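Notes follow the structure.
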Amino acid sequence: MMAGRNDPKDAWLLDAEVRTKIEEIKGRWEVSLVFINTTDPNQLLVRKIGDYRSKQLAEIYARNMQKTAAKDIRGTQKVDKSAYNFNNN
């Protein structure tokens with residue numbers, strides 16, 4: 001069951017680092033946004049945002065969506081890469 005939009009448990013998403021994931025699935029390039037909790041990097045949320053006929057189109061769309069999703073007046077949030085183990089499989 002998915003939590004509501006105003007659920008306090010989801011407040012971490014406001015400060016999350018946003019990354020993109022691009023993978024080929026059945027001849028299409030699927031783009032997902034990965035939200036990583038900056039205080040607990042083991043907490044992730046992955047959301048598929050679209051699929052494209054070419055890797056280049058997927059990369060363009062992913063960059064644009066990442067910039068939009070990561071907008072924050074404090075700057076881009078970052079997680080120490082050694083703080084988590086994110087497996088693309």
Side-chain angles (χ1 to χ4, degrees):
M1 186 167 164
M2 195 167 168
R5 287 189 172 190
N6 295 323
D7 191 329
K9 293 182 290 189
D10 293 337
W12 69 271
L13 288 168
L14 297 173
D15 295 326
E17 177 180 351
V18 181
R19 295 193 182 189
T20 57
K21 178 179 170 187
I22 301 172
E23 58 186 336
E24 187 176 15
I25 298 176
K26 296 181 182 177
R28 303 277 295 175
W29 292 91
E30 186 174 287
V31 178
S32 298
L33 288 179
V34 180
F35 298 87
I36 306 168
N37 188 335
T38 55
T39 57
D40 178 9
N42 292 315
Q43 186 175 17
L44 302 172
L45 177 67
V46 180
R47 288 286 183 243
K48 178 183 169 186
I49 56 173
D51 61 88
Y52 302 89
R53 69 179 183 270
S54 74
K55 186 176 182 180
Q56 183 179 12
L57 285 173
E59 289 170 343
I60 291 168
Y61 189 71
R63 274 193 304 273
N64 289 335
M65 288 303 295
Q66 182 179 23
K67 287 178 185 176
T68 301
K71 291 232 184 229
D72 190 321
I73 58 172
R74 296 166 296 172
T76 303
Q77 302 298 305
K78 293 288 182 191
V79 174
D80 180 9
K81 291 183 195 284
S82 65
Y84 64 93
N85 182 15
F86 182 65
N87 186 348
N88 284 328
N89 293 327

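A quick note: this is a predicted structure, and the numbers were derived from the prediction, not measured.
Atom CD of E17 is separated from atom CD of Q66 by 8.0 Å, given to the nearest 0.5 angstrom. Atom-to-atom distance recorded for N64:CG and T20:OG1 is 11.0 Å, nearest 0.5 angstrom. Note that CD1 of I49 is 4.0 Å distant from CG of L33, once rounded to the nearest 0.5 Å.
With sequence neighbours excluded, the residues that form a side chain to side chain donor-acceptor pair (under 3.5 Å) with Q43 are N37. Evaluation of the salt bridge (charged side-chain N to carboxylate O under 4.0 Å, His left out) rule for K48 yields E30, D51 as partners, not counting sequence neighbours.
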Acceptor/donor pairs from residues 52-60 side chains to any protein atom, 3.5 angstrom cut, sequence neighbours excluded:
unit_1: S54; atom_1: OG; unit_2: L57; atom_2: N; d: 3.1

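The list of ring pair (Phe, Tyr, Trp, His ring centres under 6.0 Å) pairs with a residue in residues 8-42, not counting sequence neighbours, is empty.
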Worked check of side chain to side chain contact (heavy atoms under 4.5 Å, CB included) between L45 and V34
CA-CA 6 Å; L45 177 67; V34 180; over 6 Å; no

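Contact between V31 and A62 at its shortest, heavy atoms only, is CG1-CB, 3.7 Å.
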